[in-house]
Amino acid sequence: GAGVSQTPSNKVTEKGKYVELRCDPISGHTALYWYRQSLGQGPEFLIYFQGTGAADDSGLPNDRFFAVRPEGSVSTLKIQRTERGDSAVYLCASSPTGDLNYGYTFGSGTRLTVV
Amino acid sequence: AQSVAQPEDQVNVAEGNPLTVKCTYSVSGNPYLFWYVQYPNRGLQFLLKYITGDNLVKGSYGFEAEFNKSQTSFHLKKPSALVSDSALYFCAVTLSGGSYIPTFGRGTSLIVHP
């Protein structure tokens, strides 16, 4: 696609529920990043994929968070047993491997609200 | 470890005046530096980058930034601010030759007054 697409744009869920957030990167971009942005803060790194594999998941806050990218394109961020503190905007970005001349392209994000 | 500091939460400037949004970084090696802009309820939009070459880089919408290695800074500038420039601005750094995971600053809210 022309840009990075994230769905849904908004998600409201009850505490304790499971949610999935989807990211469709730019076609051909092998690098994919997930970030979390809380109100008044900058984006906080969660996980980085190179192709199908998670090359760096050091930003995932705990084992309730998990992400996959089974075919090296679309990625899904999964959050189990959601807590109110998980409420944030979840951003996805992609880039071609080894080419940062156009920076990282971000999606519009998914605003997750846990009530 | 790599980090970015944006020392000002908010910058106020009158339309037509020059603007500067400050950014300093810390990285153990050569940095790649970026500026992004975020409008309300929108994702981050790429403004400009420093990878290598000239220290003064020019980007979208008339913005420019100067890489200063000795001061580890990458301040964003524009000669004449527009009301439409009002937004959140984020500086980011990554390490050249590393995994290219960018670290972002907390952001600076730019408010341009008519």
Side-chain angles (χ1 to χ4, degrees), chain A residues 2-10 21 23-26 29-51 53-60 88-111 113, chain B residues 1-10 21-25 30-53 57-60 63 65 74 76 87-109:
Chain A
V4 176
S5 175
Q6 290 189 248
T7 55
S9 56
N10 279 284
L21 312 179
C23 172
D24 197 343
I26 291 175
H29 280 195
T30 54
L32 185 145
Y33 310 79
W34 282 100
Y35 282 79
R36 178 169 69 176
Q37 186 176 19
S38 301
L39 193 63
Q41 302 294 320
E44 174 190 5
F45 169 72
L46 294 176
I47 186 169
Y48 157 59
F49 285 91
Q50 183 58 249
D56 189 328
D57 64 358
S58 61
L60 295 177
V89 176
Y90 289 81
L91 296 169
C92 176
S94 69
S95 72
T97 299
D99 179 3
L100 291 176
N101 280 304
Y102 299 98
Y104 307 84
T105 304
F106 280 82
S108 295
T110 294
R111 182 177 298 278
T113 304
Chain B
Q2 55 196 41
S3 64
V4 170
Q6 293 183 243
E8 303 152 316
D9 289 336
Q10 185 171 300
V21 182
K22 296 179 180 177
C23 171
T24 58
Y25 67 89
N30 292 321
Y32 290 169
L33 294 153
F34 306 85
W35 275 102
Y36 282 80
V37 60
Q38 187 175 40
Y39 297 99
N41 301 315
R42 301 284 296 274
L44 282 79
Q45 296 179 34
F46 171 72
L47 274 181
L48 52 79
K49 70 181 189 305
Y50 171 81
I51 301 292
T52 187
V57 294
K58 295 185 183 295
S60 307
F63 283 93
F74 190 58
L76 181 70
L88 270 174
Y89 290 81
F90 292 95
C91 182
V93 67
T94 191
L95 180 63
S96 69
S99 61
Y100 303 113
I101 299 171
T103 297
F104 286 83
R106 291 185 53 176
T108 298
S109 176

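Proteins come first, then strands; the chains are lettered A, B, ... in the order of their sequence lines, and each starts at number 1.
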Enquirer: Need one label for T94(B): side chain, backbone, both or neither, based on atoms under 4.5 Å from any heavy atom in chain A.
Expert: side chain

Enquirer: Compare all side-chain heavy atoms of Y104(A) with those of I101(B) and state whether any distance is below 4.5 angstrom.
Expert: no

Enquirer: If you round to the nearest 0.5 Å, how far is CZ of F104(B) from CD of Q37(A)?
Expert: 9.0 Å

Enquirer: For the candidates S9(A), S108(A), A93(A), which exhibits the highest count of non-hydrogen atom pairs separated by less than 4.5 Å from chain B?
Expert: S108(A)

Enquirer: Is there side-chain contact between Y35(A) and P102(B), with at least one heavy-atom pair below 4.5 Å?
Expert: yes

Enquirer: Please name all residues satisfying side chain to side chain contact (heavy atoms under 4.5 Å, CB included) with S3(B), sequence neighbours left out, ordered by chain then number.
Expert: S26(B)

Enquirer: Are F106(A) and F46(B) close enough that their ring centers fall under 6.0 Å?
Expert: no

Enquirer: Find out whether P43(A) and F90(B) are in side-chain contact, i.e. whether some heavy atom of one side chain is under 4.5 Å from a heavy atom of the other.
Expert: yes

Enquirer: Atom CG in L91(A), atom CD in Q38(B): separation rounded to 0.5 Å?
Expert: 6.5 Å

Enquirer: Please flag which part of R42(B) lies under 4.5 Å from any non-hydrogen atom of chain A: side chain, backbone, both or neither.
Expert: backbone

